[in-house]
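The basis for the numbers below is simple: all heavy atoms, side chains too, and nothing from hydrogens, waters or symmetry mates.
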Amino acid sequence: MADQAPAAASVQGEFVDTSNGAGRKFPPKGEPQITGINRIGLWSLYIKECRRFLKVQTQTVWAPAITTLLFLVIFTVALGREGREVLGVPFGTFVAPGLIMMGMMQNAFANSSFSLLAGKLQGTIIDLLMPPLSEAELMIGIVMAAITRAVMVGGTVALAMWLYPGVEMQAAHPWAIVWFGLMGSAMLALMGLLTSIWAEKFDHSAAITNFIVAPLSLLSGTFYVISNLSPFFQAISKANPFFYMISGFRFGFLGESDIGNSNADVVSAAIGVGVLNLVLGFITYRVLKSGWKIKS
């Protein structure tokens with residue numbers, strides 16, 4: 001045993017395989033070997049998160065769609081299908097885009113707020129931290145899966161509302177539908193990811209849903225135009241980012257919005273929500289980078 005040569009030797013911080021005279025050099029310990037974007041790892045995380053909610057799609061896709069559709073049924077029946085117009089269109093046509101956007105945002109939050117929190121509680125978070133994924137890749141994978149669920153819920157709700165009597169679904173400005181739909185879903189996905197980092201039990205996540213997300217969604221002009229409110233509450237509504245997401249999304253369908261009196265106001269709102277998501281994304285990245293409540 002003593003006369004056998006070691007299988008590897010260290011030379012100036014590098015490891016050299018000396019077995020069979022190969023002389024192969026290995027990089028120093030701790031030096032990353034995957035540079036740039038880990039596309040395979042990012043795609044694997046995205047597929048894993050999508051499969052997680054698709055396994056229970058009755059609960060994660062179809063049930064939210066039916067719940068959102070019930071809002072439309074209740075309000076149109078209660079207020080009457082005929083005679084009531086908002087922004088120059090029947091009430092059902094007015095409220096439908098807001099309900100679609102509300103359902104998309106709430107489900108984006110629900111999806112991303114579950115990912116890390118479930119891992120922390122079940123002790124499986126190591127499966128997300130050990131793979132060679134950067135904090136940015138981890139964030140992008142979870143957020144994109146949440147947006148995918150939001151789009152699926154939104155598409156299901158839109159199809160049901162398109163078939164509902166008295167509701168007309170026409171795309172006046174497709175760019176606004178796509179932009180505000182994606183921005184609203186991304187904003188709530190990032191908020192959900194921050195919540196899953198902070199929360200220590202499901203009650204914490206439920207508290208954010210019940211006391212922040214749901215009120216901001218319902219009080220953001222989903223069922224009314226803010227011009228009907230007093231100046232004080234109009235100012236409060238305009239400080240609510242949910243208002244711009246829902247009103248901008250509605251503008252894509254109706255060509256009318258209570259954001260402002262011109263299309264330039266809607267474009268300004270579109271730029272504003274994009275900047276807001278960039279800031280929120282940077283904050284989420286820094287929190288993930290710090291390892292707060294994850295690596296401790």
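- Residues Phe253 and Thr93 have side chains not in contact (no heavy-atom distance under 4.5 Å, counting atoms from C-beta outward).
- Here the side chain of Trp162 pairs no donor or acceptor atom with the backbone of Glu168 at under 3.5 angstrom.
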| message | Using the rule given for side-chain contact (heavy atoms from CB on, under 4.5 Å), can you reason through Val56 versus Thr60, listing the C-alpha separation, both sets of side-chain angles and the distance that settles it, and then say yes or no? | response | CA-CA 6 Å; Val56 286; Thr60 57; 3.7 Å; yes

| task | Check step by step if side chain to side chain donor-acceptor pair (under 3.5 Å) holds for Asp258 and Ser247. | result | CA-CA 7 Å; Asp258 50 352; Ser247 295; 2.9 Å; yes

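- Annotation: side chain of Ile208 is in contact with side chain of Trp198 (closest heavy-atom distance under 4.5 Å).
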| message | For a side-chain contact (heavy atoms from CB on, under 4.5 Å) check, start with the C-alpha distance between Thr209 and Gln106, then their side-chain angles and the critical distance, and finish with the verdict. | response | CA-CA 8 Å; Thr209 301; Gln106 289 181 346; over 6 Å; no

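- In terms of heavy-atom proximity, Phe53 sits nearest to Ala145 at CE2-O, 3.7 Å.
- Closest heavy-atom contact between Pro64 and Val153: CB-CG1, 4.3 Å.
- Looking at heavy atoms from C-beta onward, Leu280 lies in side-chain contact with Leu194 at the 4.5 angstrom threshold.
- At a threshold of 4.5 Å between side-chain heavy atoms, the hydrophobic network of Ile, Leu, Val, Met, Phe, Trp and Tyr places Leu193 and Trp292 in one connected group.
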| query | Is there a side chain to side chain donor-acceptor pair (under 3.5 Å) between Tyr164 and Thr76 once you walk through the steps? | reply | CA-CA 11 Å; Tyr164 189 77; Thr76 53; 3.1 Å; yes

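- Met105 CE to Phe180 CZ: the interatomic distance, rounded to the nearest 0.5 Å, is 12.0 Å.
- Considering CZ of Phe233 and CD1 of Ile236, their distance stands at 5.5 Å, rounded to 0.5 Å.
- Formation of a donor-acceptor pair under 3.5 Å by the Gln234 side chain with backbone atoms of Leu229 is found in this model.
- Neither Leu99 nor Ile66 shares a network with the other; the hydrophobic side chains, linked directly or stepwise wherever heavy atoms of I, L, V, M, F, W or Y lie under 4.5 Å apart, form separate groups for each.
- For the atom pair NE2 (His173) and CD (Glu256), the distance works out to 8.0 Å, reported to the nearest 0.5 Å.
- In terms of heavy atoms, Ala96 sits closest to Met169 at CB-SD, 3.9 Å.
- Side-chain atoms of Asn240 come within 3.5 Å of backbone N or O of Leu216 as a donor-acceptor pair.
- Side-chain atoms of Asn111 never come within 3.5 Å of backbone atoms of Asn107 as a donor-acceptor pair (strictly under, hydrogens ignored).
- Looking only at side-chain heavy atoms (C-beta outward), Tyr46 and Thr148 come within less than 4.5 Å of each other.
- Side chain of Ser112 to main chain of Ala189: a donor-acceptor pair is present (N/O by atom type, distance under 3.5 Å, no hydrogens or angles).
- No more than 12 heavy atoms of other residues, nucleotides or ligands sit less than 6.0 Å from atom CH2 of Trp62.
- In this structure, Ile100 and Thr68 have side chains that are not in contact, with every pair of non-hydrogen atoms separated by 4.5 Å or more.
- With side-chain heavy atoms closer than 4.5 Å counting as contact, directly or through intermediates, the hydrophobic cluster containing Met130 also holds Ile126.
- Counting heavy atoms from C-beta on, the side chains of Leu276 and Met183 never come closer than 4.5 Å.
- By the 4.5 Å heavy-atom criterion applied to side chains, Leu116 and Leu128 are counted as neighbours.
- The hydrophobic clustering, which links ILVMFWY residues whose side-chain heavy atoms are closer than 4.5 Å, places Leu278 and Met191 apart.
- Nearest heavy-atom pair across Ile246 and Ser220 is CD1-OG, 2.9 Å.
- The hydrophobic cluster around Phe202 extends to Phe114, Leu117, Leu121, counting ILVMFWY residues whose side-chain heavy atoms fall within less than 4.5 Å of a member.
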| task | Show the numbers, then the answer: is there a side-chain contact (heavy atoms from CB on, under 4.5 Å) between Glu137 and Leu45? | result | CA-CA 9 Å; Glu137 291 163 350; Leu45 174 61; over 6 Å; no

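- Here the CZ-CG distance, from Phe94 to Leu254, works out to 8.0 Å after rounding to the nearest 0.5 Å.
- Here the straight-line distance linking atom OG of Ser134 with atom NZ of Lys289 works out to 7.5 Å at 0.5 Å rounding.
- Note: the hydrophobic cluster containing Leu288 also contains Ile283 (ILVMFWY, side chain heavy atoms under 4.5 Å, direct or indirect links).
- In this structure, Phe243 and Leu219 have side chains that are not in contact, with every pair of non-hydrogen atoms separated by 4.5 Å or more.
- A side-chain donor from one of Ser115 and Glu49 sits under 3.5 Å from a side-chain acceptor of the other.
- In the hydrophobic clustering of ILVMFWY residues, with side-chain heavy atoms under 4.5 Å counting as a link, Ile271 and Tyr244 come out together.
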| task | Dump the intermediate steps for side-chain contact (heavy atoms from CB on, under 4.5 Å) on Trp179 and Phe249, then the final yes or no. | result | CA-CA 8 Å; Trp179 178 257; Phe249 190 76; over 6 Å; no

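- Counting all heavy atoms, side chain and backbone alike, Ala199 lies closest to His204 at CB-CB, 3.6 Å.
- Distance check, rounded to the nearest 0.5 Å: CG of Leu218 to OH of Tyr224 gives 8.5 Å.
- Leu163 CG: more than 12 foreign heavy atoms inside a 6.0 Å radius.
- Using the six-membered ring where Trp is involved, Phe75 and Phe91 have ring planes that are tilted, between 30° and 60° apart.
- Taking a cutoff of 4.0 Å between a charged side-chain nitrogen and a carboxylate oxygen, Lys120 and Glu200 do not qualify as a salt bridge.
- Panel note: side chain Ser205, backbone Lys201; no donor-acceptor pair is recorded below 3.5 Å.
- Residue Phe251 comes nearest to Ala176 through the heavy atom pair CD2-CB, 4.0 Å, listed as atom of the first residue, atom of the second, then distance.
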